[in-house]
Amino acid sequence: MEERYNPSAVEPKWQEYWNTHQLFKVDEDPSREKYYLLEMFPYPSGKIHIGHVRNYTIGDVVVRYKRMKGFNVIHPMGWDAFGMPAENAAIDNNTHPAAWTYENIRSMRTQLKKMGFSYDWDREIATCRPEYYRWEQWLFLKMLEKGMAYRKESYVNWCEKCQTVLANEQVEQDKCWRCSQVVEQKKLWQWFFKITDYAEDLLVHCDQLPGWPDKVTVMQKNWIGKSIGAELKFKVDGSDEVLNVFTTRPDTVFGATFMCLAPEHPLVESLSKGTGQEAEVAAFVEKVSKQERSADGIEKYDKEGVFIGAHCINPATGEKIPVYTANFVLMEYGTGAIMSVPAGDQRDFDFAKKYGLDIRVVVQPEDGALDPETMAEAYAGRGTMVNSGRFDGMDSKDALEAITDWLDSQGHGKKAVSYRLRDWGISRQRYWGTPIPVIHCDSCGVVPVPESDLPITLPEDANLLEQGGSPLPTLDYFAKATCPACGREDAKRDTDTMDTFVESSWYYLRYCSPRCDTGMFDPKAVEYWAPVDQYIGGVEHAVLHLLYSRYFMRVLNTLGLIDFKEPFTRLLTQGMVCKETMTCPEHGFLFPEQARKEGDGFACTLCGSEVEVGRVIKMSKSKKNVVDPNELLERYGADVTRLFCLFAAPPERDLEWSEDGVEGSNRFVNRVWRLAATCMEKITDVAPYAGPAAGLKGKDAKALYIKANQTIQKVSNDIDKSFHFNTAISAVMELVNAMYGVDVETADDELKSVLIFCLENVLLLLSPILPHFCEELFERMGHTGSILEKQWPEFREDSLTTDEMLVVVQVNGKLRSKFTMGADEDEEAIKAAAMADEKIMRHVQDKPVRKIIVIRKKQTLVNIVV
RNA sequence: GCCGAAGUGGUGGAAUUGGUAGACACGCUAGACUUAGGAUCUAGUGCCGCGAGGCGUGGAGGUUCAAGUCCUCUCUUCGGUACCA
């Protein structure tokens with residue numbers, strides 16, 4: 001037998017074997033229990049990187065384990081193929097997004113195959129294919145029909161110089177990334193999905209996802225952000241108009257001394273008309289329209305506003321209060337208007353100080369009295385009501401309800417719920433995406449494309465505009481259309497495409513019947529396979545992708561297409577693989593291989609400039625801090641690479657990439673190889689031992705046998721329950737180390753039969769992690785067929801413990817001594833033995849013993865308190 | 001800013017429900033075998049101390065017979081923040 005494991009011979013051999021025997025191909029089989037494991041599909045950015053390898057290795061191990069446990073496992077792979085990087089690459093490399101994408105898919109598929117991942121490649125999909133996105137267009141039409149999709153005006157980042165819309169990622173410090181022009185906000189008509197209709201349902205079911213990490217459901221709950229309060233009506237003074245405000249603190253309504261409207265609020269213009277404030281208001285609205293209008297964006301600007309010249313009536317006090325428009329009020333939240341209580345809200349307080357507005361304290365904290373003249377900041381806590389008419393003296397907590405009820409009885413408002421979640425804007429002014437299937441007609445307005453005209457195919461030969469703009473509006477053969485309703489020939493096709501999150505919100509259903517051409521999926525296939533039993537992917541998707549997917553399943557459920565609502569039963573959020581960025585002053589971000597070591601730092605291989613080493617952040621193609629696994633693959637093979645990725649850290653943990661330690665994985669693999677070689681050479685005609693540990697006479701044989709059973713238990717648990725492959729691997733390493741402790745030359749037949757038992761189990765336990773390697777050794781040991789078709793090993797309940805126990809003795813909580821004794825000794829005997837221990841006697845001396853605590857768990861612990 | 005995580009030797013990490021801190025590796029040191037070593041094997045390796053012993057899980061307090069683990073405060077780093085995917 002060769003001295004070392006030779007991956008370049010063994011790995012292709014088994015990949016070929018799996019392929020020709022179609023071992024990963026699956027079909028519906030109602031007689032077997034199904035298991036759907038899915039890793040988040042990759043964006044075809046060019047090459048797979050170590051982060052992908054980590055993600056897919058984790059999934060592959062579980063898949064192979066579940067298969068050996070007898071499940072009918074579906075494990076598909078595909079490509080999230082639409083998106084912005086293809087457009088950028090097309091501009092940079094003078095190619096076409098489609099050509100670039102398909103080429104990337106080809107090379108990444110080859111890499112994945114070399115890793116030995118057990119995908120059913122017959123189910124592969126790419127979201128940029130018309131066969132896929134036609135069903136997305138179909139669903140869009142259904143949603144439009146049901147009112148789940150609608151159009152409204154909304155802001156985008158706009159570069160005037162490039163005449164193009166910019167993604168947030170393309171805005172660097174408020175400037176365009178291509179030309180450094182200051183980015184503006186531009187209002188466009190865009191399509192939205194009404195995800196807010198499902199806010200409550202999405203929220204409630206967060207608590208019914210036991211297979212999800214709490215951190216993810218917590219983030220989703222906070223994202224949805226339900227708040228309970230009241231919607232109050234403020235009459236405009238001298239007008240029939242009413243301003244509705246949502247507040248979570250109706251108890252403070254007596255302290256509302258002014259009101260603020262979002263600059264986009266429809267009443268801002270009309271109320272200011274003819275008041276003398278008109279021009280100032282218009283100028284302010286214009287100014288704010290250039291600012292970023294999002295919850296995050298508004299933090300960047302000083303809080304400011306202008307009086308709009310109108311007053312409204314505080315429904316609680318009957319007083320006239322001034323109405324302002326302010327840049328920190330967003331139209332998207334609540335009603336776009338807020339009642340301002342400067343004594344109770346810091347932003348209102350700052351605003352009141354700035355513009356000299358009244359501050360009235362309505363909630364007094366228990367300790368000391370607030371005085372509007374002297375208070376330095378708002379008090380948002382609870383307390384006793386003051387200056388609140390009949391509610392004075394009441395606890396603010398009780399007043400919240402009482403004041404709401406009172407205002408309700410007067411017709412001034414009612415209890416209300418508000419969510420932070422906003423509707424999902426899906427229009428993108430981009431080329432490389434799914435065309436939105438509607439036509440705009442001057443006579444008929446927005447007209448849906450007839451179903452029979454689907455798919456609306458994206459022209460794949462269009463050239464990107466130099467500044468990154470979409471060519472679709474310029475292509476007459478695409479953009480010009482005949483109105484399906486009235487036949488007018490000068491209608492225009494919608495030239496926006498959909499957000500790529502739309503594709504990734506339902507692809508896992510498509511895998512169930514990837515070639516289905518009668519619908520999004522074959523209902524029978526989805527009934528058998530869906531939902532996904534185990535989903536695995538980066539924690540960075542905790543909110544958006546996972547929430548959109550949950551929303552989409554609710555939409556399909558409402559449309560009667562599926563009978564479930566939650567797409568992913570169990571979720572594993574994998575930590576990110578991180579690496580420092582490298583930036584060259586000439587060439588921007590550099591790939592690691594474009595920087596060479598020079599002195600203490602790095603130099604650019606393109607121009608020799610000194611490279612700035614940046615922070616350690618998640619690997620991403622746009623930052624170029626990605627590690628190509630090819631070098632590892634060539635040097636060590638797929639199995640060692642897989643082992644190393646798993647052994648480096650538990651899956652949920654972030655990992656700063658370093659190849660230190662890969663030698664250790666390689667060493668271990670060869671250690672097992674040599675161990676197998678020795679056993680095969682020296683042990684012949686001995687069957688593996690299969691009885692209870694008690695049936696073994698030799699002490700070494702018994703100890704090794706127990707160790708093996710413990711290892712089977714630990715590895716099974718680690719894979720199945722916690723996905724802690726790093727500890728599963730170290731457990732096998734321990735067993736292998738113990739096997740190395742046996743001298744095969746002098747071993748008797750009993751010990752040899754235990755050794756063979758150990759070896760076979762080591763290979764079975766490692767086979768999900770090192771599939772090629774274990775197949776090869778298993779075959780050499782004389783087994784036929786694939787190890788994949790073998791049963792996962794079971795441990796013997798009666799062979800897990802030895803008859804000796806370790807006793808650990810502490811004095812005042814500090815470890816002082818340890819010894820072993822018979823496992824069945826009683827507590828008194830343990831105490832006596834501890835007190836009789838020489839080291840313990842030295843520490844106790846003649847101090848009085850107050851207490852002796854004996855704990856019998858994993859090990860036995862005695863704590864003597866003196 | 002807001003939401004969510006993470007922090008343990010020189011390094012990656014281990015440690016059910018509070019119960020031997022540092023498993024398993026990497027690296028390093030010494031030795032063996034070898035023409036050679038980026039092969040293999042053996043031994044050692046948290047820090048301070050000659051030693052008895054003391055100190056140690058980002059920092060500061062606290063609860064407990066006992067705290068990496070629980071509580072309070074705090075620092076740093078990472079992820080998300082709705083048009084990167």
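Every chain is numbered from 1 and lettered A, B, ... according to where its sequence line falls, protein lines coming before strand lines.
A salt bridge links D499(A) to R428(A): one of the charged nitrogens lies within less than 4.0 Å of a carboxylate oxygen. With respect to D207(A) and K221(A), a salt bridge is recorded, a charged nitrogen being found less than 4.0 Å from a carboxylate O. Electrostatic pairing of R615(A) and E580(A) does not count as a salt bridge here, judged by no charged N lying under 4.0 Å from a carboxylate O. Salt bridge status for E663(A) with R667(A): absent, with no side-chain N to carboxylate O gap under 4.0 Å.
How far CG of L38(A) is from CE of M77(A): 8.0 Å, rounded to the nearest 0.5 Å. To the nearest 0.5 angstrom, K152(A) atom NZ is 13.5 Å from W191(A) atom CH2.
Residue R430(A) places its side chain closer to C83(B) than to any other of G79(B), G19(B), C83(B). Between G12(B), C83(B), A85(B), one nucleotide has an atom nearer to the side chain of A648(A) than all others, and that is G12(B).
In terms of heavy-atom proximity, D423(A) sits nearest to F192(A) at O-CD2, 3.8 Å.
Around the NZ atom of K47(A), the shell of radius 6.0 Å holds no more than 12 heavy atoms that belong to other residues, nucleotides or ligands.
Dashed line: the shortest gap from a side-chain N or O of R4(A) to OP1 or OP2 of G38(B) is not under 4.0 Å. Between R428(A) and A85(B) there is no side-chain N or O to OP1 or OP2 distance below 4.0 Å. For C78(B), the OP1/OP2 oxygens have a side-chain nitrogen or oxygen of R615(A) closer than 4.0 Å. A sub-4.0 Å separation between OP1 or OP2 of G19(B) and a side-chain N or O of R856(A) is absent. Neither OP1 nor OP2 of G80(B) sits under 4.0 Å from any side-chain N or O of K215(A). Note on N726(A): every side-chain N or O is 4.0 Å or more away from OP1 and OP2 of C24(B). OP1 or OP2 of C78(B) has not a single side-chain nitrogen or oxygen of R653(A) nearer than 4.0 Å. When the side-chain nitrogen and oxygen atoms of K814(A) are compared with OP1 and OP2 of C55(B), one or more of them lie within a distance under 4.0 Å. Phosphate proximity of G53(B) to H843(A): present, with a side-chain N or O under 4.0 Å from OP1 or OP2.
With C1' as the reference atom, U76(B) and A30(B) are 39 Å apart, rounded to whole Å. A distance of about 13 Å separates the C1' atoms of C47(B) and U57(B), rounded to the whole Å. Separating the P atom of A52(B) from that of U64(B) is a span of 33 Å, rounded to the nearest Å. Here the separation of U45(B) from G22(B), taken at their C1' atoms, is 12 Å to the nearest Å. If you take atom C1' in G27(B) and the same atom in G10(B), they sit 8 Å apart, rounded to whole Å. Between U81(B) and U29(B), the distance separating the two P atoms is 46 Å to the nearest Å. Rounded to whole Å, the separation between the C1' atoms of A14(B) and U74(B) comes to 28 Å. Distance noted for atom P between G13(B) and G18(B): 25 Å (whole Å).
If you check every strand for non-hydrogen atoms under 4.0 Å, A649(A) touches sugar and phosphate atoms only. Residue contacts for Q574(A): at a heavy-atom cut-off of 4.0 Å it reaches no nucleic acid atom on any strand shown. Using a 4.0 Å heavy-atom cutoff across all strands shown, H541(A) reaches at least one base atom of the nucleic acid. Counting any heavy atom pair closer than 4.0 Å across all strands shown, W223(A) reaches a base atom. Residue V156(A) is classed as a base contact, given a heavy-atom separation below 4.0 Å to a base. In this structure, K621(A) reaches neither bases nor backbone, as no heavy-atom distance under 4.0 Å exists between it and the strands shown. If you check every strand for non-hydrogen atoms under 4.0 Å, T500(A) touches sugar and phosphate atoms only. Nucleic acid contact class of V543(A) (heavy atoms, under 4.0 Å, all strands): none.
Atom-to-atom, CG of L806(A) to P of G19(B) comes out at 16 Å; the value is rounded to the nearest Å.
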Inset, instruction - Between protein and nucleotides 64-71 of chain B, map the contacts as a letter string: B base, S sugar-phosphate only, - none, heavy atoms under 4.0 Å, written 5' to 3'. - result: -BS-----
Legend entry - Watson-Crick and G-U pairing of RNA chain B, under 3.5 Å, as dot-bracket with | and [ ]: (((((((..(((......[....)))((((((.......))))))(((....)))..(((((..]....))))))))))))....
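Within 3.5 Å, a donor on the side chain of Q429(A) pairs with an acceptor on the base of C83(B), or the reverse. Judged by distance alone with a 3.5 Å cut-off, no donor-acceptor contact links the side chain of E540(A) to the base of C84(B).
Within the cation-pi definition used here (under 6.0 Å to the ring centroid, within 45° of the axis), R4(A) does not qualify as a partner of W673(A).
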Distances for protein N/O vs nucleotides 26-33 of chain B N/O pairs under 3.5 angstrom?
residue, atom, partner, partner atom, Å
C26(B), OP1, R667(A), NH1, 2.5
C26(B), O2', G661(A), N, 3.4
G27(B), OP2, R667(A), NH2, 3.4

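The stretch residues 732-742 of chain A touches RNA chain B through M733(A), E734(A), N737(A), each having a heavy atom within less than 4.0 Å of the strand.
Annotated as syn: G9(B), whose glycosidic dihedral is within 90° of 0.
Checked against ring pair (Phe, Tyr, Trp, His ring centres under 6.0 Å), Y636(A) has no partners two or more places apart in sequence or in another chain.
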Side chains of residues 808-816 of chain A: which donor-acceptor pairs under 3.5 Å do they make with residues two or more places apart or in other chains?
residue, atom, partner, partner atom, Å
N812(A), OD1, V866(A), N, 3.0
R816(A), NH1, H843(A), NE2, 3.4

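With hydrogens and angles left out, the side-chain atoms of Q574(A) and H541(A) include no donor and acceptor closer than 3.5 Å.
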